[in-house]
Amino acid sequence: MKRRIVLTGALVGMIAIILGAFGAHLLKKYLTVDELNTFEVGVRYQMYHALFLLFLSTRKEIAEKTLKTIYNLVVAGVLLFSGSIYLLATKSLTVFDFKIIVFATPLGGFLLIIAWAVLFLTILRRKS
């Protein structure tokens, strides 16, 4: 499980760097400042959670089942939160109405919050 967490964290981080560069260099020609700022929020939160996964992989005191739960919450949360933000920020470049996926952003954010809460409660309940 820890290997999967590290690999996923590295992949999510790498994709965040790629998307950040894509936004800064290519999309700035096509998006408004507000749309670029929105896109950047998706990149930033994706990178935060890539680092969170790497941190998570170092924790020896967390049970495998809990690691898997947090991992699944983070992966789903990043896909929904950052993914929907990327789509919504670039909606002016396509004819598809991405407003129908607007529910994905708060749901993804909620999953990320739950992942952090699970880690917090796991450490809090652990006897030192």
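Starting from 1, each residue takes its place in the sequence as its number.
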Closest non-hydrogen atom pair between G13 and A50, with its separation | N-CB, 3.4 Å

For the atom pair CG (L73) and CG (L119), what is the distance rounded to the nearest 0.5 Å?
-> 11.5 Å

State, with a plain yes or no, whether a side-chain heavy atom of F110 is found less than 4.5 Å away from one of L80.
-> no

Under 30°, 30 to 60°, or over 60°: which ring-plane class applies to F39 and Y86, parallel, tilted or perpendicular?
-> tilted

Answer with yes or no whether the hydrophobic clustering places W116 together with L67; edges join I, L, V, M, F, W, Y residues whose side-chain heavy atoms lie under 4.5 Å apart.
-> yes

Decide if atom CZ of R44 counts as having more than 12 heavy atoms of other residues, nucleotides or ligands within a radius under 6.0 Å.
-> yes

Could you pull out the closest heavy-atom pair between L31 and S92, with the gap in Å?
-> CD2-OG, 3.8 Å

How long is the gap from NZ on K91 to CG on L93, to the nearest 0.5 Å?
-> 11.0 Å

Reported NZ-to-OG1 distance for the pair K2 and T58, which is rounded to 0.5 angstrom | 7.0 Å

Would you give the length of the straight line joining atom CZ of R126 to atom OG1 of T66, rounded to the nearest 0.5 angstrom?
-> 12.0 Å

Taking a hydrophobic cluster as the set of Ile, Leu, Val, Met, Phe, Trp and Tyr residues connected by side-chain heavy atoms closer than 4.5 Å, whether directly or through intermediates, do Y71 and V78 fall within one such cluster?
-> yes

Would you check if L27 and T90 make a side-chain contact, meaning some heavy-atom pair closer than 4.5 Å?
-> yes

Do I17 and I15 share a hydrophobic cluster (ILVMFWY, side-chain heavy atoms under 4.5 Å, transitive)?
-> no

I5 backbone acceptor or donor facing T8 side chain under 3.5 Å | no

Residue pairs involving residues 51-64 (criterion salt bridge (Lys or Arg N to Asp or Glu O under 4.0 Å); sequence neighbours excluded) | R59-E61

Linking I/L/V/M/F/W/Y whenever their side-chain heavy atoms sit closer than 4.5 Å, directly or via other members, would F120 and I62 fall into one cluster?
-> no

Tell me, do M14 and L11 make a side-chain contact under 4.5 Å, heavy atoms counted?
-> yes

The complete set of salt bridge (Lys or Arg N to Asp or Glu O under 4.0 Å) pairs with one or both residues in residues 25-34, sequence neighbours excluded, reads none

Is there a donor-acceptor pair under 3.5 Å between the side chain of Q46 and the backbone N or O of V12?
-> yes

Closest heavy-atom pair, S84 versus T105, reported as atoms and distance to 0.1 Å, is OG-OG1, 2.5 Å

Smallest heavy-atom separation, I85 atom then T38 atom, equals CG2-O, 3.0 Å

From I70 CD1 over to L56 CG, what is the distance, rounded to the nearest 0.5 angstrom?
-> 5.0 Å

Taking a hydrophobic cluster as the set of Ile, Leu, Val, Met, Phe, Trp and Tyr residues connected by side-chain heavy atoms closer than 4.5 Å, whether directly or through intermediates, do L36 and V41 fall within one such cluster?
-> no

To the nearest 0.5 Å, tell me how far L124 CG sits from T122 OG1.
-> 9.5 Å

Considering all heavy atoms, the nearest V6-L54 contact = O-CD2, 3.7 Å

Taking all non-hydrogen atoms of both residues into account, name the closest pair between L112 and V74 and its distance.
-> CD2-O, 3.8 Å

Heavy-atom donor-acceptor pair, Y45 side chain to S82 backbone, under 3.5 Å = no

